[in-house]
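Data first, discussion second: the structure below is written as structure tokens.
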Amino acid sequence: MTVGMGLIGLGSIYRAHAEGYRRHAAAEVVAVCDADEARSSAEAKEWGAKAFSDYHRLLEVSDVDAVDIMLPHSLHEPVALAALEAGKHVLVEKPIAPSLAAADRLFEAAERSGKVLALAENTRFVAAYRAIEPLVRGGELGDVQLVRTMICGNETERLSRPELWKGRRDGTVGGAILDAGAHSFYLLRWMFGGFEHVSGRGERRVPVSEVEDFGVVTGRLVTGADFLTEFSFTAEIPWNERLEVYGSAGSLIVDQLADPVVKHFRHGKDYEGTPLPVPYAPRTWKQESIAEGVVDFVSALEEERQPLVDLLQVRDAMQALGLAYRSLEEGGARLFVGSSPG
Ligand SMILES: NC(=O)c1ccc[n+]([C@@H]2O[C@H](COP(=O)([O-])OP(=O)(O)OC[C@H]3O[C@@H](n4cnc5c(N)ncnc54)[C@H](O)[C@@H]3O)[C@@H](O)[C@H]2O)c1
């Protein structure tokens with residue numbers, strides 16, 4: 001079986017997706033599209049594919065079985081809807097859509113079309129998270145009491161350029177909390193359970209930008225564990241993710257810039273901790289996980305199964321993110337899941 005792919009949006013994240021298609025024997029990139037015609041033509045040559053600058057034209061190509069949407073956030077919903085209506089399977093970069101209501105419209109469209117809708121959520125494929133999953137689920141940490149996540153890096157340049165979508169509300173919709181929080185909230189939901197309540201705070205340090213570049217969102221999960229998520233897009237540090245899990249019988253610290261990346265602390269006097277066998281790869285851990293997510297999408301189509309990223313969990317994460325933004329507007333109010341349409 002061959003899966004004919006149409007790639008839409010050939011910007012910064014495209015190379016990591018391209019690596020996934022190169023890895024999968026069943027994937028054939030047959031069409032590419034970018035509003036920048038020169039970029040589209042150059043990349044089409046690399047693949048021996050057709051080049052487009054208008055995604056509607058790409059959707060008319062019968063060899064395109066599935067599309068991969070790597071566009072500004074405000075375009076995820078309209079392009080995914082058009083693709084599903086054209087009878088294509090869809091892989092879309094995070095966030096699946098800018099709001100829960102928009103995500104729900106996509107879920108309904110996928111149901112109607114009978115096509116696969118999938119989220120390119122690389123968190124599910126990060127080596128460190130895969131390594132700790134059996135410990136967390138196997139009860140090795142006892143009762144998880146506190147989960148902290150942090151995502152930080154430097155987007156100051158993109159946020160400072162009003163001609164780019166990243167700092168414009170009409171392009172990105174939400175700032176660091178939506179952009180990076182899509183990862184952290186999915187991670188919380190996937191590994192630790194559903195959300196009970198949420199409260200948030202955001203700040204904007206880049207003056208020309210229209211969205212927050214700093215955020216802290218806290219709350220409680222239905223398991224009773226508390227959580228704290230932190231985001232900064234103005235920190236001068238290689239792009240990093242950190243996860244701390246504190247349990248009644250042990251704790252874990254994951255840090256993509258630390259060597260070892262993962263340490264398991266078994267008790268209060270375990271000063272050394274036990275490293276988990278996860279490669280130290282500060283330059284490539286993210287790209288690797290993105291490529292693996294693409295491989296899973298193509299394999300899911302080939303094997304006629306659902307992709308590993310569960311859209312019901314994605315929906316819960318979107319709902320909690322919606323509450324976080326409402327909390328920002330309400331001065332950090334604690335909002336309970338179920339109290340808002342999202
Ligand atoms: N998984 C991750 O860790 C990760 C990292 C970075 C970006 N992303 C996601 O990837 C997506 C794209 O981000 P990016 O950083 O690659 O953005 P980008 O700005 O670098 O690339 C977007 C591309 O889309 C093209 N484009 C814009 N409007 C278009 C249109 N109407 N038709 C065709 N092409 C159009 C632009 O010319 C550009 O090449 C976003 O959803 C972002 O959140 C994910």
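Order of listing sets the numbers, starting from 1, for every ligand and every atom in it.
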Sequence neighbours excluded and cut-off under 3.5 Å, please list the side-chain donor-acceptor pairs for residues 81-91, or say none.
unit_1: Lys88; atom_1: NZ; unit_2: Val61; atom_2: O; d: 2.9
unit_1: Lys88; atom_1: NZ; unit_2: Val64; atom_2: O; d: 2.8
unit_1: His89; atom_1: ND1; unit_2: Val116; atom_2: N; d: 2.9

Practice problem: Could you tell me whether the side chain of Met70 reaches within less than 4.5 Å of the side chain of Asp68, counting heavy atoms only? | Solution: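 Contact flag for Asp68/Met70 side chains = yes.
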Quiz prompt | Parallel, tilted or perpendicular: rings of Phe227 and Phe185 (30°, 60°) | solution =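 If you compare the ring of Phe185 with that of Phe227, the planes turn out perpendicular.
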Practice problem: Provide the full list of ring-ring contact (aromatic ring centres under 6.0 Å, His included) pairs with a residue in residues 34-69, sequence neighbours left out, each pair given once. | Solution: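 Not a single pair qualifies under ring-ring contact (aromatic ring centres under 6.0 Å, His included).
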Exercise. For residues 165-184, pull every pair meeting ring-ring contact (aromatic ring centres under 6.0 Å, His included), keeping only residues two or more places apart or in separate chains.
Key: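 Only His73-Trp165 qualify under ring-ring contact (aromatic ring centres under 6.0 Å, His included).
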Exercise. With Arg148 as the cation and Tyr246 as the aromatic partner, state whether NZ or CZ is under 6.0 Å from the six-membered ring centre and within 45° of the axis.
Key: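 Arg148 over Tyr246 ring: no.
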Write out each pair where an N or O from ligand 1 and one from the protein are under 3.5 Å apart, with the distance.
unit_1: ligand 1; atom_1: 1 (N); unit_2: Glu93; atom_2: OE1; d: 3.4
unit_1: ligand 1; atom_1: 1 (N); unit_2: Asn122; atom_2: OD1; d: 3.0
unit_1: ligand 1; atom_1: 3 (O); unit_2: His183; atom_2: NE2; d: 3.4
unit_1: ligand 1; atom_1: 3 (O); unit_2: Lys286; atom_2: NZ; d: 2.7
unit_1: ligand 1; atom_1: 15 (O); unit_2: Ser12; atom_2: OG; d: 2.6
unit_1: ligand 1; atom_1: 15 (O); unit_2: Arg158; atom_2: NH1; d: 3.0
unit_1: ligand 1; atom_1: 15 (O); unit_2: Arg158; atom_2: NH2; d: 3.2
unit_1: ligand 1; atom_1: 16 (O); unit_2: Ser12; atom_2: N; d: 3.1
unit_1: ligand 1; atom_1: 16 (O); unit_2: Ser12; atom_2: OG; d: 3.2
unit_1: ligand 1; atom_1: 16 (O); unit_2: Ile13; atom_2: N; d: 3.0
unit_1: ligand 1; atom_1: 19 (O); unit_2: Trp165; atom_2: NE1; d: 2.7
unit_1: ligand 1; atom_1: 20 (O); unit_2: Ser12; atom_2: N; d: 2.9
unit_1: ligand 1; atom_1: 20 (O); unit_2: Arg158; atom_2: NH1; d: 3.4
unit_1: ligand 1; atom_1: 34 (N); unit_2: Ala35; atom_2: N; d: 3.0
unit_1: ligand 1; atom_1: 37 (O); unit_2: Asp34; atom_2: OD1; d: 2.6
unit_1: ligand 1; atom_1: 39 (O); unit_2: Asp34; atom_2: OD1; d: 3.3
unit_1: ligand 1; atom_1: 39 (O); unit_2: Asp34; atom_2: OD2; d: 2.6
unit_1: ligand 1; atom_1: 39 (O); unit_2: Arg39; atom_2: NH1; d: 2.5
unit_1: ligand 1; atom_1: 41 (O); unit_2: Leu71; atom_2: O; d: 3.3
unit_1: ligand 1; atom_1: 41 (O); unit_2: His76; atom_2: NE2; d: 3.0
unit_1: ligand 1; atom_1: 41 (O); unit_2: Lys94; atom_2: O; d: 2.9
unit_1: ligand 1; atom_1: 43 (O); unit_2: His73; atom_2: NE2; d: 2.7
unit_1: ligand 1; atom_1: 43 (O); unit_2: Lys94; atom_2: O; d: 3.1
unit_1: ligand 1; atom_1: 43 (O); unit_2: Lys94; atom_2: NZ; d: 2.9

